[in-house]
Amino acid sequence: MAETAENVPGGECFHKEIMKYSSEEEARLEREHFWRIVDAFRFYRIHVQDQVKRAERQFLSLPQHHQNLVPSVLTNLARIRQCADHNQEVLESIIQNSIHMFENIEYGEREDPRKVRASTFDMDKLKSTIKQFVRDWSEAGRAERDSCYKPIIQEIQRLFPSELYDVSKVSVLVPGAGLGRLAWEIARLGYICQGNEWSFFMLFSSNFVLNRCEQVNSLTLYPWIHQYSNNKKSSDQIRPITFPDVNPQSLPLSSDFSMVAGDFVEVYSDPASWDCVATCFFIDTAHNVIQYVETIWKILKPGGVWINLGPLLYHFENMANELSVELSYEDIRTAMVKLGFHIEVENTSVHTTYTENDCSMLRYVYDCVFFVARKPGELYFNCHEDEEQNNSPRAAKSPRREDTEYPT
């Protein structure tokens, strides 16, 4: 099931293609899932207020003389309430602009409009999505973007330089696009770029930031109010971020930027259709990572490249009812080579973070794998007519990698 969205610079980023469901049951489940995520967004304030009430109860249970030693605690909790109210206003705007983002989809209205208590799982997803605004669209996330996105972008520019290619004809796919910043940056450089995302949490939010945010740093979120541990200062918990740090609608009119909603392996099945697939913190979202590798091999044009950066924190590892095959990078690499990929660039120790709170006393650093793998070009003759090969933007050789620097 796939929902296609296309960006006309200065216009809507998401608009819809006709959807076909294999059964009424599939359509019903899709509607239920859609409204479950909407409910999570709307339940946010209540969820955070419950956390604050618990913290207040715990503090007020202390002996009075202990409370007197830290008189600012209740004041800070009151500020967290205010920050949650503000976050809820932003989330309501996101939902308001997402209800009809897929025009041909008739999700209908809730039969019972009363508040529904969202699950802890969904609230954790929503709080993680709020932190994605830091990573993708705030100045505070610049260092993290530089460590994750810049190596990928630099490699694309090395492999498909504007001096040798008409980059407006070079197609780049970004699966697991999140809030869309990496795909947006690639499109800004003139490449054809399409982002793909499955999560409604991400899709609602990327739709909002790409289509409704024009003024730089015009909106504020408080992404750290949910973190009660490892705060050096009380004020760190209510620290704001502003977004977007750039105008997402400032792409040149000639840009070819699109977004597609749906499961990666279901949406992308056309053989030899992409010059480059760029994956960042993505391949460990698979139930079966080999299926991802096979799909990427299939959709790449002969001579095309797969650029990857990320860890292997398998998302379904601890879910009892979900298929999850957790392979080492060594095993994945072996499968890639057996399929036919030529690994041209490989760095098995790229340090980076993911939605990091840089004021926290606990910080996670991922020791990521970065590689560039090519689908051999000689297969091109087996897949396409000779004239298509002659018109391929890969006719020129890529510059050597030695001049490019990457973080370690």
Side-chain angles (χ1 to χ4, degrees), residues 40-62 64 66-96 115 117-118 120-145 178-179 181 201-202 204-205 208-209 212-213 215-246 353-365:
F41 274 75
R42 290 175 172 166
F43 184 68
Y44 171 83
R45 178 190 281 113
I46 296 173
H47 173 77
V48 178
Q49 286 176 345
D50 286 346
Q51 289 182 315
V52 174
K53 288 176 184 176
R54 177 189 176 279
E56 287 175 337
R57 287 195 304 270
Q58 298 286 350
F59 179 73
L60 292 174
S61 71
L62 298 178
Q64 187 62 52
H66 287 178
Q67 295 180 40
N68 294 341
L69 292 172
V70 279
S72 65
V73 169
L74 293 177
T75 300
N76 194 63
L77 290 173
R79 288 174 179 162
I80 292 174
R81 288 182 187 274
Q82 295 173 346
C83 294
D85 289 343
H86 179 86
N87 283 357
Q88 186 66 62
E89 292 177 6
V90 177
L91 296 179
E92 290 291 347
S93 295
I94 292 172
I95 289 301
Q96 185 65 30
K115 294 286 185 182
R117 294 193 71 87
T120 299
F121 177 84
D122 284 341
M123 295 317 300
D124 287 344
K125 288 287 187 182
L126 179 55
K127 289 183 283 189
S128 176
T129 302
I130 291 173
K131 291 189 287 185
Q132 290 287 337
F133 281 94
V134 185
R135 174 180 172 85
D136 264 16
W137 294 103
S138 80
E139 180 62 29
R142 177 188 292 273
E144 191 166 284
R145 289 194 301 274
L179 298 198
R181 184 61 178 265
F201 290 103
M202 299 292 187
F204 291 169
S205 300
F208 177 73
V209 74
R212 297 293 180 263
C213 299
Q215 297 182 2
V216 173
N217 291 329
S218 58
L219 294 167
T220 301
L221 280 170
Y222 299 89
W224 316 118
I225 60 173
H226 325 105
Q227 180 174 320
Y228 285 83
S229 298
N230 290 308
N231 292 308
K232 290 183 179 179
K233 298 187 296 184
S234 298
S235 59
D236 290 342
Q237 195 174 2
I238 54 174
R239 189 171 85 260
I241 64 102
T242 57
F243 74 97
D245 64 319
V246 295
T353 58
Y354 192 86
T355 63
E356 180 189 51
N357 178 356
D358 59 3
C359 289
S360 175
M361 298 168 70
L362 177 64
R363 301 166 71 177
Y364 292 98
V365 176

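Along the sequence shown, residues carry numbers from 1.
- A 4.5 Å side-chain heavy-atom check between Gln49 and Ile80 finds every atom pair outside the cut-off.
- Gln96 and Glu92 are not linked by any side-chain donor-acceptor pair at a separation below 3.5 angstrom, with hydrogens and angles left out of the test.
- Taking a cutoff of 4.0 Å between a charged side-chain nitrogen and a carboxylate oxygen, Asp136 and Lys131 do not qualify as a salt bridge.
- Ser72 contributes no side-chain N or O that, together with a main-chain N or O of Thr75, makes up a donor-acceptor pair within less than 3.5 Å.
- In this structure, SG in Cys359 is found 12.0 Å from CD in Gln237, a value given to the nearest 0.5 Å.
- Nearest heavy atoms, Met123 versus Ala118: SD-CB, 3.6 Å.
- Pairing each heavy atom of Trp137 with each of Phe243, the nearest pair is O-CB, 3.2 Å.
- The closest donor-acceptor contact from the side chain of Ser205 to the backbone of Phe201 lies under 3.5 Å.
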From CA spacing to verdict: salt bridge (charged side-chain N to carboxylate O under 4.0 Å, His left out), Arg142, Glu139: CA-CA 5 Å; Arg142 177 188 292 273; Glu139 180 62 29; 2.8 Å; yes
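- Remark: aromatic rings of Phe204 and Phe41 are close, center separation under 6.0 Å.
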Test side chain to side chain contact (heavy atoms under 4.5 Å, CB included) applied to Ile94 and Arg212, step by step: CA-CA 9 Å; Ile94 292 172; Arg212 297 293 180 263; over 6 Å; no
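- Side-chain contact between Asn231 and Met361: absent, with no pair of heavy atoms (C-beta onward) separated by less than 4.5 Å.
- Looking at Tyr222 and Val48, their side chains never come closer than 4.5 Å, going by heavy atoms from C-beta outward.
- The closest donor-acceptor contact from the side chain of Gln132 to the backbone of Gly178 lies at 3.5 Å or more, if one exists at all.
- Inter-residue side-chain proximity for Thr242 and Leu219 is flagged as unmet; no heavy-atom pair is nearer than 4.5 Å.
- In this structure the side chain of Asp124 reaches within 4.5 angstrom of the side chain of Thr120, judged on heavy atoms.
- Shown here for Leu77 and Ala55, the closest heavy-atom pair between the two residues is CD2-CB, 3.9 Å.
- To the nearest 0.5 Å, the span separating OG on Ser128 from OH on Tyr354 amounts to 6.0 Å.
- At most 12 heavy atoms of other shown residues, nucleotides or ligands fall within 6.0 angstrom of atom CD in Gln215.
- Within the 4.5 Å cutoff, no side-chain heavy atoms of Thr220 are placed close to those of Ile241.
- Residues Glu56 and Arg81 are in side-chain contact: their nearest non-hydrogen atoms beyond the backbone lie under 4.5 Å apart.
- The two residues Val134 and Ala140 have their closest heavy-atom pair at CG1-CB, 4.1 Å.
- When all heavy atoms of Ala40 and Leu126 are compared, the pair lying nearest together is O-CD2, 3.3 Å.
- For the pair Glu144 (side chain) and Arg135 (backbone), a donor-acceptor distance under 3.5 Å is absent.
- The nearest pair of heavy atoms linking Phe133 to Leu179 is N-CD1, 3.7 Å.
- Other residues, nucleotides and ligands contribute at most 12 non-hydrogen atoms within 6.0 Å of the OH atom of Tyr364.
- Side-chain N or O atoms of Asp236 include one that pairs as donor or acceptor with a backbone N or O of Lys233 at under 3.5 Å.
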Residues Phe59, Val70; criterion side chain to side chain contact (heavy atoms under 4.5 Å, CB included); working and verdict: CA-CA 10 Å; Phe59 179 73; Val70 279; 3.7 Å; yes
Working for side chain to side chain contact (heavy atoms under 4.5 Å, CB included), residues Ser234 and Asn76: CA-CA 7 Å; Ser234 298; Asn76 194 63; 3.9 Å; yes
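- Annotation: the span from His47 atom NE2 to Phe43 atom CZ amounts to 7.5 Å, rounded to 0.5 Å.
- Interatomic distance, CG of Asn87 versus NZ of Lys127, reported as 11.5 Å (0.5 Å rounding).
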CA sep, side-chain torsions, deciding dist, call: Asp50, Arg45, salt bridge (charged side-chain N to carboxylate O under 4.0 Å, His left out): CA-CA 9 Å; Asp50 286 346; Arg45 178 190 281 113; over 6 Å; no
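- A salt bridge is absent between Asp122 and Lys125; no separation between the charged side-chain nitrogens and carboxylate oxygens falls under 4.0 Å.
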Side chain to side chain contact (heavy atoms under 4.5 Å, CB included) evaluation trace for Arg181 with Val246: CA-CA 10 Å; Arg181 184 61 178 265; Val246 295; 3.8 Å; yes
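- Contact of the Leu74 side chain with the Leu60 side chain is registered, since non-hydrogen atoms from C-beta on lie closer than 4.5 Å.
- Inspection of the Gln227 and Ser360 side chains reveals an N or O donor paired with an N or O acceptor under 3.5 Å.
- Side-chain contact annotation: Arg239 with Asn357, donor-acceptor N/O pair under 3.5 Å present.
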